[in-house]
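Some notes on the structure that comes next.
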Amino acid sequence: MIWSEAVLAEKYADRIEKIFAKYPDKRSGIMDLLYLAQEEYGWLSEDALREVAELCDVDPTQAHSIAGFYTMFSEKPKGKYWLQVCTDLPCALRGADQFYRDLCKYLGVEDGGTTEDGLFTVEQVMCLAACDRAPMLQCNFHYFENLDMDTIKTLIEQWRAEAQSNVAEPGD
């Protein structure tokens, strides 16, 4: 992305105005704008963080510190489908560790890796608050629970088909 401080401001002016209207000052809208930037760019690059910081009238290091603290933000490129598998102790006791290893093997990635086609990034996370429904994962902030390898393989093929159907044809 070539940085232009007005990309979000121009493209999402109405949405940004609504975000700021909810808060007593601009800096309070930073989480909402980080979500918006990640939605637009797919991840939070240095440029995206600087853009959000400018919109919120804060120093870019503040945007960095918030993005770095919360697991729902990614400061590195990731796949179209961001698979976060909870491997915290309660989930591990229900087979999440093995599920995670099997998922990585199936997709041909290492821990935290992205598939060669750029579709899937797989990461371990701690506690998605669905311990009783493990193994579970969050894909782009949507929960999938009580998983086994057959179920996740079906989901992965559905997501692959969805991604393929969303690819624009030449000339579109």
Side-chain angles (χ1 to χ4, degrees), residues 1-3 7-8 11-12 15 30-53 60-131 133-168:
M1 168 182 100
I2 297 174
W3 185 62
V7 172
L8 292 178
K11 189 170 181 179
Y12 299 101
R15 194 165 161 190
I30 195 164
M31 296 272 291
D32 291 355
L33 290 182
L34 287 170
Y35 273 120
L36 180 63
Q38 185 164 278
E39 180 183 309
E40 174 66 20
Y41 305 124
W43 64 295
L44 296 174
S45 66
E46 292 288 329
D47 292 337
L49 290 167
R50 190 174 24 245
E51 184 176 8
V52 168
T61 56
Q62 289 179 298
H64 257 291
S65 66
I66 292 167
F69 180 78
Y70 292 100
T71 60
M72 70 279 247
F73 298 123
S74 179
E75 293 182 81
K76 62 180 183 176
K78 59 183 176 8
K80 177 177 178 63
Y81 300 95
W82 187 13
L83 307 179
Q84 296 176 298
V85 179
C86 180
T87 56
D88 206 358
L89 181 59
C91 290
L93 292 172
R94 291 182 49 96
D97 285 343
Q98 186 63 49
F99 175 80
Y100 182 76
R101 286 190 298 273
D102 292 345
L103 176 59
C104 287
K105 183 177 179 182
Y106 177 72
L107 290 172
V109 297
E110 298 291 321
D111 181 30
T114 300
T115 56
E116 286 184 23
D117 61 8
L119 284 180
F120 300 96
T121 297
V122 185
E123 296 177 341
Q124 295 182 74
V125 295
M126 292 292 133
C127 199
L128 292 171
C131 308
R133 295 175 301 279
M136 60 85 58
L137 65 76
Q138 177 175 248
C139 177
N140 299 348
F141 307 109
H142 299 283
Y143 277 25
F144 297 86
E145 303 165 337
N146 297 310
L147 294 171
D148 57 32
M149 283 309 295
D150 289 335
T151 305
I152 194 63
K153 286 176 183 179
T154 300
L155 286 168
I156 287 168
E157 294 316 310
Q158 287 173 358
W159 292 324
R160 280 193 170 127
E162 175 185 284
Q164 188 63 34
S165 70
N166 290 334
V167 174

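One is the number of the first residue; the rest follow in order along the sequence.
Taking the six-membered ring where the residue is Trp, Phe141 and Tyr35 present perpendicular rings, their angle passing 60° and hence far from 30°. Relative ring orientation between Phe120 and Trp159 is described as tilted, the plane-to-plane angle lying within the 30° to 60° band.
Using modelled atom types, no side-chain atom of Lys80 and backbone atom of Gly118 make a donor-acceptor pair closer than 3.5 Å. A donor-acceptor contact shorter than 3.5 Å is absent between the side chain of Arg133 and the backbone of Glu145. A distance-only check finds no donor-acceptor pair linking the side chain of Asp88 to the backbone of Cys91 [under 3.5 Å]. Listed for the Thr114 side chain is no donor-acceptor partner under 3.5 Å among the backbone atoms of Thr121. Of the possible donor and acceptor atoms, one in the side chain of Tyr143 sits under 3.5 Å from a partner among the backbone N and O of Leu128.
In summary, Lys153 and Asp150 do not engage in a salt bridge, as defined by a charged side-chain N under 4.0 Å from a carboxylate O.
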Query raised in the report: Please walk me through it: do Leu147 and Leu155 pass side-chain contact (heavy atoms from CB on, under 4.5 Å)?
Result: CA-CA 10 Å; Leu147 294 171; Leu155 286 168; 4.1 Å; yes
Report task. Step by step, work out the side-chain contact (heavy atoms from CB on, under 4.5 Å) result for Thr151 and Asn146. Result -> CA-CA 9 Å; Thr151 305; Asn146 297 310; over 6 Å; no
Query - Working for side-chain contact (heavy atoms from CB on, under 4.5 Å), residues Met31 and Met72 - result: CA-CA 10 Å; Met31 296 272 291; Met72 70 279 247; 4.1 Å; yes
Query raised in the report: Run the side-chain contact (heavy atoms from CB on, under 4.5 Å) check on Gln138 and Val125 step by step: do they pass?
Result: CA-CA 10 Å; Gln138 177 175 248; Val125 295; 6.0 Å; no
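Annotation: side chain of Leu36 is not in contact with side chain of Glu40 (no heavy-atom distance under 4.5 Å). The shortest side-chain heavy-atom distance between Leu137 and Val122 does not fall under the 4.5 Å cut-off. Counting heavy atoms from C-beta outward, Tyr106 and Ile152 have side chains that stay 4.5 Å or more apart. With contacts defined as side-chain heavy-atom distances shorter than 4.5 Å, the pair Val85/Glu123 does not qualify. Looking at heavy atoms from C-beta onward, Val7 lies in side-chain contact with Tyr41 at the 4.5 angstrom threshold.
Rounding to the nearest 0.5 Å places CZ of Arg15 at 9.5 Å from CG of Leu33. Considering NZ of Lys76 and CH2 of Trp43, their distance stands at 11.0 Å, rounded to 0.5 Å. A distance of 4.5 Å separates NZ in Lys78 from CD in Gln38, rounded to the nearest 0.5 Å. Residue Asn140 holds its CG atom at 7.5 Å from CG of Leu83, rounded to the nearest 0.5 Å.
When every heavy atom of Gly112 is checked against every heavy atom of Tyr100, the shortest pair comes out as N-OH, 3.4 Å. Between Ala67 and Glu75, the shortest heavy-atom distance links the atoms C-OE2, 3.7 Å.
Asp47 and Ser45 share no side-chain donor-acceptor pair at under 3.5 Å.
Applying the 6.0 Å contact sphere to CD of Glu116 captures no more than 12 heavy atoms from other residues, nucleotides or ligands.
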